[in-house]
Every structure is written in structure tokens, then in C-alpha cells.
Amino acid sequence: MSAQKLHIGIIMDGNGRWAEARQLPRSMGHRAGIDAVKRTLNACKNLPVGWLTLYSFSTENWRRPVGEVEELMQLLRFFLRSELAEIHRQGVRLNMIGEREKLPPDIQDMMAHAIHLTEKNTGLVLTVALSYGSRQEMTEAARAVAAKVVAGQLTLAQIDEGEVMAALQTFGLPDPDLIIRTSGEQRLSNFLLWQAAYAEFYFTETLWPDFGEHDLRQAIENFQQRERRFGTRNAT
Ligand code: IPE
Ligand code: IPE
Ligand code: MG
């Protein structure tokens, strides 16, 4: 595969349906989803992926039953505890977007530690979207830009895309080239709305717990056959 490094965003959906199909509790689907995360991370080593952004928990997911939310937080703790050393060894740089302050305090600490530990790594940039919602992110960005104006650091005329981009949590990350959503759903569910302005989309029926290297490879091969125009015309 060509060497052009891509930023891939994945909406990891279908854990519940995977479990239901096996008459297992939903929590087992989330557990199996962790294995799919590990497989996907490993697969990136052999593929042209420079940035991977995983939609792990949306702002709206807080509305799920308390037990399911707690189970998801517990899995996050487990993932960070069991995988951090390996992630670091592989040169992965961990990053997070989302409402940090809404997470349980111990998870906030674990994330801060993991991000600090891996900040000098030069391999894959793994961004975990946790309690993330694009509308909330853009609302915060609007507030931050307005605060600069109020403070006299910026005039209205100076507000441009660059100013907005700098106020988003994704500042420093390239825009996603490809957004994958599993489980057959075809929507963004509040994921990277601004950043995905020119992203390509790939939808697969595969449920997230079944996702792996084969699916990721297929998505990238499909992406590479597309023609991205960015609003211009290609010379003929
Ligand atoms: C994705 O699987 C995991 C999260 C949203 C946290 P779901 O739990 O949404 O699974 P389905 O969509 O009910 O199958
Ligand atoms: C989107 O999945 C969020 C994550 C994958 C973390 P959902 O299952 O929450 O999305 P909807 O509710 O079907 O749109
Ligand atoms: Mg879902």
C-alpha cells in the first residue's frame, strides 16, 4: 500500500447487537470491543495510518443506563492498565478529545499519566474520543474565540477558520481522511463534524467486536480508489 499516511477516524458501533446476537449481556459486547481495538491498533503497524481517532464514548452516551456507563468506564480502566505499557513500547502517542472533567477522577488521572508518558513518542497518534461531542467542542471553541475578543486580543475581523481551528480540541491533528463506521449505521452521531468536512466515509455491516485487520485493509483500499476533489476540478 502507498506510503501516504492517513488520519482514520472510527465510529466503533455494534457492540450491543454483537452481544444480543449471542444472547449475551451487552457488557460482553463491549468487552469483545476492546479486543477489536487491540487488533485494529496492531493492524495500523502494517498499514499507512499515521493518526487513528477512536470514538469510544459520546456526550450522548451518558444517557445510557448507569450500569452500562459504569461498565464502559471499568473497561476503559482495564484497557489503560493492561495496554499502556505495550502502547508505549510500540511508540504510540496517546491523545484525548472530549469533556475530560466529566470522566471519573481516577480515569482523568490515568489518561493524564498515559498522555504524559507517551508524549515524546513518534509513531501512530492514537486519539481517544471520550465524552466527546462535536457540537459541544464547537460551542466551547465559540466561547474561547469570544473570550479573546472580549479580552481585546482579537478583533471581529480577525476571526477566521484558523482561529476556530486553533480553539478546537483537535488542534494539531490533520483533518481525518477517512471515517469508518461499523454495524451498518450511516451517520456521524456528533463525531468530528467540522473536521470531517472533506473526509471520505466507509460504512461496513461488520459489528465492531468482529472488526480487524482485514476490514481496515478493505476500508483503506476502497479509500485509495476514490477521487478527492476538494471542490476543484481535476485536470483532464
Ligand atoms: C458501541 O456499541 C459502543 C458505544 C457506543 C459506547 P453500542 O453499545 O452502541 O452497540 P449497539 O449499537 O447497541 O449495537
Ligand atoms: C456512536 O454510537 C458513539 C460511539 C460509537 C462511541 P451510538 O451507538 O451511541 O450512536 P447512535 O445513538 O446509534 O447514533
Ligand atoms: Mg450503537
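Just so you know, ligand 1 is whichever comes first in the structure, and atom 1 is the first atom listed for that ligand. Worth saying up front: this structure is predicted, and the values here are computed from it rather than measured.
Of the options M12, R17, R181, R64, the smallest heavy-atom separation from atom 2 (O) of ligand 2 is shown by R181.
Of all the atoms in ligand 1, the ones that sit under 4.0 Å from a non-hydrogen atom of H30 are 3 (C), 8 (O). For ligand 2, the atoms sitting less than 4.0 Å from at least one non-hydrogen atom of R187 are 11 (P), 13 (O), 14 (O), numbered in the order shown with element in parentheses.
Remark: R64 is not positioned above the aromatic ring of W62, lacking an NZ or CZ atom under 6.0 angstrom from the ring centre and at most 45 degrees off the axis.
Remark: R77 does not engage E71 in a salt bridge, criterion side-chain N to carboxylate O under 4.0 Å. A salt bridge does not link K38 to E86: none of the charged side-chain nitrogens sits closer than 4.0 Å to a carboxylate oxygen.
Counting heavy atoms closer than 4.0 Å to ligand 2, residue S56 contributes backbone atoms (N, CA, C, O) but none from C-beta onward. Only the side chain of R26 comes within 4.0 Å of ligand 1, judged by heavy-atom distances.
Side chains of L192 and T170 form a contact here, defined as non-hydrogen atoms less than 4.5 Å apart.
Considering backbone and side-chain N/O of S189, one or more are found under 3.5 Å from N/O of ligand 2. The shortest N/O to N/O separation between N61 and ligand 2 falls below 3.5 Å. Where the criterion is an N or O separation shorter than 3.5 Å, residue side chain and backbone included, Y55 fails it with respect to ligand 2.
Ligand 1 lies less than 4.0 angstrom from a heavy atom belonging to G14.
Under the 30°/60° scheme for interplanar angles, the aromatic rings of F191 and Y55 are found to lie parallel.
At a cut-off of 2.8 Å, E185 is not counted among the residues with an N, O or S atom near the Mg ion (ligand 3).
For atom 12 (O) of ligand 2, the protein comes within 4.0 Å by no heavy atom at all.
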